[in-house]
Amino acid sequence: MGWTMDHETATRLQTCERYVLGQLSRDERNEFEDHLADCVHCMADVSAADAFAANVNAVFLDRSLARELPTKRRWFDFMRFRPAPALALSGVLNLALLLSVGYAVMRVIPALQTRLATHEIPAFAAVYRLSGNTRGPAPVFTVKSSTAYAIFRFDRPYPYQSYSYVLAGRRTQRAGDLPPYSGGETGNLILPIADLEPGEYRVRLDGSNGAKAEQIGTCILRVEP
Amino acid sequence: MFEFQSFDAEYVRRLTDGDPSTEAHFVAYFEKFLSIKLRARRIPPPAADDVRQETLFRVLKTLRQGSGVSQPERFGAFVNTVCNNVLFEFEHRHFRDGTPDSEPPDIADGRIGIDTMLIMEERKRLVGKVLDELPQKDREILRLVFFEDAGRKQISSEMNIDPEYLRVLLHRAKAKFQAAYVRRHGLWKAQAMFFLCNETLMRFTI
């Protein structure tokens with residue numbers, strides 16, 4: 001470069017920037033440093049470039065760390081208010097509540113009202129006899145699917161401590177204990193059959209005085225559409 | 001207190017006589033100069049500390065017990081020469097001991113990032129602002145130079161730029177940084193901060 005190094009030359013050639021960038025040859029660098037040590041202005045210039053370079057490095061370091069390191073999670077972070085998820089959850093819950101209320105108003109309540117009304121309206125009811133322990137086939141009775149209750153008459157050979165029933169079809173099976181019976185030798189069992197699907201169902205009434213239950217009577221109930 | 005402009009016979013005389021404020025200025029000024037010089041040579045920080053202290057010690061010894069300096073107005077160049085000698089001896093000693101040749105100096109972050117005194121939160125904010133105002137390409141160039149410590153050839157080929165452009169870019173970015181600093185602190189304090197980065201020297205010059 002052939003310098004006669006002084007401040008004007010250094011400024012004109014932007015030697016301070018070259019020095020900080022490491023763009024000077026060994027001889028140029030030595031000559032510039034000789035000048036730099038005595039020149040207040042070049043020292044200020046190099047110092048500024050040096051400070052700028054150091055802080056550029058620090059800024060990019062901070063930015064790269066901010067990208068790489070996720071925010072540390074604290075134990076109470078789950079309590080932090082998050083408007084978007086909270087509103088979304090609230091919306092979903094409200095929609096589910098609305099659908100439930102709508103279904104109840106449109107379907108469940110009218111069906112219950114109809115069933116309740118059925119109890120309040122006087123009507124005739126057929127009585128079907130449960131056959132005792134006979135060798136022949138069980139009697140078959142036919143009812144409409146719209147029938148709400150069926151009454152089954154049975155003969156009790158002797159008193160039992162407890163009673164139970166079974167109503168079994170191909171896809172539906174109901175069974176359960178009955179309340180104690182304190183009537184005479186002939187009694188009536190009322191079973192709700194309003195929601196039975198069309199098909200054949202075996203009805204059986206059992207009595208028990210101990211460990212083993214005995215069949216009191218049975219029949220086949222055929223539900224027609 | 002006086003405003004320091006250049007070295008002269010009076011400065012050297014006061015330093016030789018042990019004037020405390022001149023001594024403080026001498027130490028602060030040349031610590032700054034030597035730090036820049038040693039960083040430019042990629043001398044590892046612990047070794048740089050040794051070289052700095054040995055240089056300052058030898059200069060003071062020469063003034064007070066030796067022959068003194070023949071050209072007081074070139075006192076800075078004299079200190080630089082002493083540092084070159086110390087550096088030469090340092091390298092020679094390590095070459096003789098065989099330690100640094102088998103293994104290059106352990107440099108943490110190249111030329112920059114060692115002097116934490118240069119990095120302050122406010123300066124980082126200003127530099128960040130200057131960087132954000134630059135075009136994306138220029139910002140990437142500065143990142144490659146100062147953060148990735150990439151070589152000139154690599155930067156030239158990756159970014160398709162002339163090495164001269166790098167110098168101009170640094171000059172402009174540095175000027176913006178200085179201007180922002182001056183706006184924030186005023187001219188004299190900003191100059192003193194860049195120049196000195198040292199409270200003692202600030203008191204000396206402002």
Side-chain angles (χ1 to χ4, degrees), chain A residues 1-69 71, chain B residues 4-7 29-30 32-33 35-37 39-41 73-81 83-84 109-116 118-120 123-124 126-128 130-131 142-143 145-149 152 163 166-168 170-171 173-174 177-178 181 191-197 205:
Chain A
M1 200 175 273
W3 290 334
T4 304
M5 184 54 65
D6 54 29
H7 181 64
E8 283 70 30
T9 309
T11 306
R12 183 167 47 82
L13 297 175
Q14 293 186 339
T15 315
C16 295
E17 283 79 10
R18 291 176 200 272
Y19 180 74
V20 170
L21 288 167
Q23 291 181 342
L24 298 179
S25 69
R26 189 189 181 100
D27 289 343
E28 289 167 345
R29 187 182 65 186
N30 289 338
E31 191 178 347
F32 177 67
E33 282 173 352
D34 252 3
H35 165 75
L36 180 65
D38 279 311
C39 179
V40 175
H41 307 292
C42 282
M43 265 290 279
D45 229 15
V46 169
S47 296
D50 200 39
F52 178 74
N55 284 282
V56 166
N57 188 40
V59 167
F60 281 119
L61 181 65
D62 285 353
R63 290 181 181 181
S64 70
L65 286 175
R67 272 198 304 272
E68 284 169 13
L69 295 176
T71 309
Chain B
F4 177 78
Q5 289 294 335
S6 60
F7 297 106
Y29 183 96
F30 284 106
K32 177 77 185 166
F33 166 73
S35 294
I36 291 171
K37 176 186 172 80
R39 203 151 52 229
R41 282 167 169 69
E73 70 281 3
R74 299 213 62 211
F75 179 64
F78 169 72
V79 175
N80 185 42
T81 304
C83 179
N84 287 339
D109 202 10
R111 167 167 31 89
I112 52 170
I114 300 165
D115 193 348
T116 52
L118 294 173
I119 302 165
M120 295 180 200
R123 287 185 190 178
K124 274 203 296 188
L126 288 176
V127 167
V130 169
L131 288 173
L142 290 176
R143 192 185 70 80
V145 173
F146 295 118
F147 185 61
E148 301 291 348
D149 204 16
R152 271 179 285 167
L166 192 55
R167 173 179 52 78
V168 174
L170 175 61
H171 181 74
K174 183 200 72 182
F177 173 51
Q178 280 176 306
Y181 213 90
Q191 281 182 344
M193 284 297 286
F194 282 126
F195 174 25
L196 308 165
C197 298
T205 47

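For the numbers below, each heavy atom of this structure counts, side chains included, while hydrogens, waters and symmetry mates do not. Within every chain, numbering begins at 1; the chains are lettered A, B, ... in the order of the sequence lines, protein sequences first and strands thereafter.
Of the listed residues B/L166, B/V79, B/V168, the one with more heavy-atom pairs under 4.5 angstrom with chain A than any other is B/L166.
With a 4.5 angstrom heavy-atom cutoff, B/E73 touches chain A only via backbone atoms. Within the 4.5 angstrom heavy-atom criterion, atoms from both the backbone and the side chain of B/I36 approach chain A.
One side chain, A/D6 or A/T9, offers a donor N or O that lies under 3.5 Å from an acceptor on the other.
With B/F7 as the fixed residue, the ring pair (Phe, Tyr, Trp, His ring centres under 6.0 Å) test singles out one of B/F33, B/Y29, B/F78: B/Y29. Tested against A/Y19 for a side chain to side chain donor-acceptor pair (under 3.5 Å), the candidates A/E33, A/E28, A/R29 yield a single pass: A/E33.
Under a 3.5 Å cut-off, the side chain of A/R18 and the backbone N or O of A/L13 do form a donor-acceptor pair.
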